[in-house]
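Structure record follows, encoded as structure tokens.
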Amino acid sequence: MKHFVGIVGNNWSGSRNRQLLQLMKRRYADQFDLTLLETGDLPLFSQDIETTPSPVVTAFRDQIAQADGIIIATAEHNHSIPTSLKNALDWCSRVVHPIDQQPVMLVGASLGPMGTVRAQMHLRQILDSPGIGARVLPSNEVLISFSGKQFTPEGDITNPATLAQLDLSTQAFMAFVG
Ligand SMILES: Cc1cc2nc3c(=O)[nH]c(=O)nc-3n(C[C@H](O)[C@H](O)[C@H](O)COP(=O)(O)O)c2cc1C
């Protein structure tokens with residue numbers, strides 16, 4: 001059984017991207033276990049404190065380093081990734097590099113028609129930086145548009161096409177992780 005972490009790419013209680021990771025945890029429980037990591041709990045990165053990180057930062061990075069793979073669920077804020085996610089990635093790019101060479105799968109849900117495509121393009125660029133060095137699953141996109149209509153109040157997705165896209169990419173990620 002693989003052990004993955006799911007990075008919640010937004011920092012508010014109603015985030016559908018958190019619901020998306022919770023859905024993946026339930027839906028693929030026979031293939032991997034998934035520990036959700038909150039980006040909103042981390043202090044704002046500063047070089048003044050990069051060599052004296054708080055325990056919450058250390059725990060966040062340790063859980064990533066110990067995982068077999070990483071799933072990042074990003075929201076889209078002003079055509080890029082939310083601040084809390086960028087902050088988390090900055091913490092993972094200095095002094096220690098827990099994402100280096102780790103397999104990463106991207107998913108995202110947004111209210112509009114673009115399904116976080118602009119945020120995910122930025123995210124691929126960020127993850128390719130030398131301080132982060134992720135191995136991102138190529139040729140797969142999970143872009144959940146109109147998220148307000150896709151999720152039930154309980155956090156489920158019923159649209160078969162959305163679930164099929166998610167299943168296909170998840171299978172590709174399992175093969176990518178090896
Ligand atoms: C500050 C801010 C900026 C936003 N910018 C975008 C955007 O550029 N593109 C987009 O599709 N949605 C944008 N939205 C709407 C998000 O798609 C919406 O808040 C969505 O729910 C975010 O994912 P979440 O459910 O995980 O919070 C923005 C929302 C906020 C709060």
Side-chain angles (χ1 to χ4, degrees), residues 4-29 32-46 56-57 59-61 63-64 67 69-93 99 102-129 132 134 136-137 139-170 173:
F4 295 161
V5 291
I7 298 181
V8 181
N10 205 353
N11 65 350
W12 74 296
S13 55
S15 171
R16 292 201 173 86
N17 284 285
R18 182 183 298 104
Q19 290 186 342
L20 178 55
L21 288 173
Q22 289 166 341
L23 181 154
M24 292 180 76
K25 182 182 171 78
R26 293 191 300 276
R27 188 171 178 84
Y28 307 116
F32 54 83
D33 68 75
L34 186 63
T35 301
L36 269 60
L37 301 181
E38 294 291 338
T39 54
D41 295 342
L42 302 172
L44 188 63
F45 174 80
S46 163
V56 67
V57 170
F60 183 89
R61 298 191 299 204
Q63 289 190 81
I64 290 173
I70 304 163
I71 303 172
I72 302 179
T74 186
E76 181 168 297
H77 281 179
N78 300 312
H79 296 184
S80 188
I81 64 172
T83 310
S84 66
L85 177 55
K86 182 60 162 58
N87 183 55
L89 294 173
D90 286 345
W91 273 116
C92 292
S93 72
I99 303 176
Q102 284 266 39
V104 176
M105 173 182 181
L106 307 185
V107 299
S110 66
L111 284 176
M114 306 292 277
T116 72
V117 65
R118 292 165 296 211
Q120 289 197 36
M121 288 172 74
H122 275 180
L123 186 51
R124 282 181 186 272
Q125 201 175 356
I126 292 162
L127 290 168
D128 194 41
S129 64
I132 297 182
V136 183
L137 175 69
S139 311
N140 280 270
E141 289 177 320
V142 177
L143 306 169
I144 300 182
S145 55
F146 305 115
S147 56
K149 293 183 183 147
Q150 292 267 11
F151 287 83
T152 67
E154 295 76 33
D156 283 319
I157 294 177
T158 55
N159 183 337
T162 307
L163 291 171
Q165 184 191 33
L166 191 60
D167 288 348
L168 267 179
S169 289
T170 303
F173 187 57

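Throughout, residue positions are numbered sequentially from 1 according to the sequence presented. Atoms within each ligand, like the ligands themselves, are counted from 1 in listed order.
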Pairwise distance CG(Leu21) to CD1(Ile7) - rounded to 0.5 angstrom
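With rounding to 0.5 Å, CG (Leu21) is 9.5 Å from CD1 (Ile7).
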
Gap separating the CG atom of Leu89 from the CD1 atom of Ile126, nearest 0.5 angstrom
6.5 Å

Note every protein N or O atom lying under 3.5 Å from an N or O atom of ligand 1, pairing the names and giving the distance.
residue: ligand 1; atom: 5 (N); partner: Glu76; partner atom: O; Å: 3.4
residue: ligand 1; atom: 5 (N); partner: Asn78; partner atom: N; Å: 2.8
residue: ligand 1; atom: 8 (O); partner: Asn78; partner atom: N; Å: 3.1
residue: ligand 1; atom: 8 (O); partner: His79; partner atom: N; Å: 2.8
residue: ligand 1; atom: 9 (N); partner: Glu76; partner atom: OE2; Å: 2.9
residue: ligand 1; atom: 14 (N); partner: Glu76; partner atom: O; Å: 3.4
residue: ligand 1; atom: 17 (O); partner: Leu111; partner atom: N; Å: 3.1
residue: ligand 1; atom: 23 (O); partner: Asn17; partner atom: ND2; Å: 3.3
residue: ligand 1; atom: 25 (O); partner: Arg16; partner atom: N; Å: 2.8
residue: ligand 1; atom: 26 (O); partner: Ser15; partner atom: OG; Å: 2.5
residue: ligand 1; atom: 26 (O); partner: Arg16; partner atom: N; Å: 3.4
residue: ligand 1; atom: 26 (O); partner: Asn17; partner atom: N; Å: 3.2
residue: ligand 1; atom: 26 (O); partner: Asn17; partner atom: ND2; Å: 2.8
residue: ligand 1; atom: 27 (O); partner: Asn10; partner atom: ND2; Å: 2.8
residue: ligand 1; atom: 27 (O); partner: Trp12; partner atom: NE1; Å: 2.6

Testing the basics here: between Gly69 and Phe173, what is the closest heavy-atom pair and its distance to 0.1 Å?
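Smallest heavy-atom distance, with atoms named: CA-CZ, 4.4 Å.
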
Hey, what's the ring geometry for Trp91 with Phe45, parallel, tilted or perpendicular (30° and 60° as the breaks)?
perpendicular

Quick one: salt bridge (Lys or Arg N to Asp or Glu O under 4.0 Å) pairs with a partner in residues 140-166, sequence neighbours left out?
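For residues 140-166, and leaving out neighbouring residues, the salt bridge (Lys or Arg N to Asp or Glu O under 4.0 Å) pairs sorted by first residue read Arg26-Asp156.
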
Closer than 4.0 angstrom, basic N to acidic O: yes or no for Lys86 and Asp90?
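Counted as a salt bridge, because a side-chain N and a carboxylate O are separated by less than 4.0 Å.
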
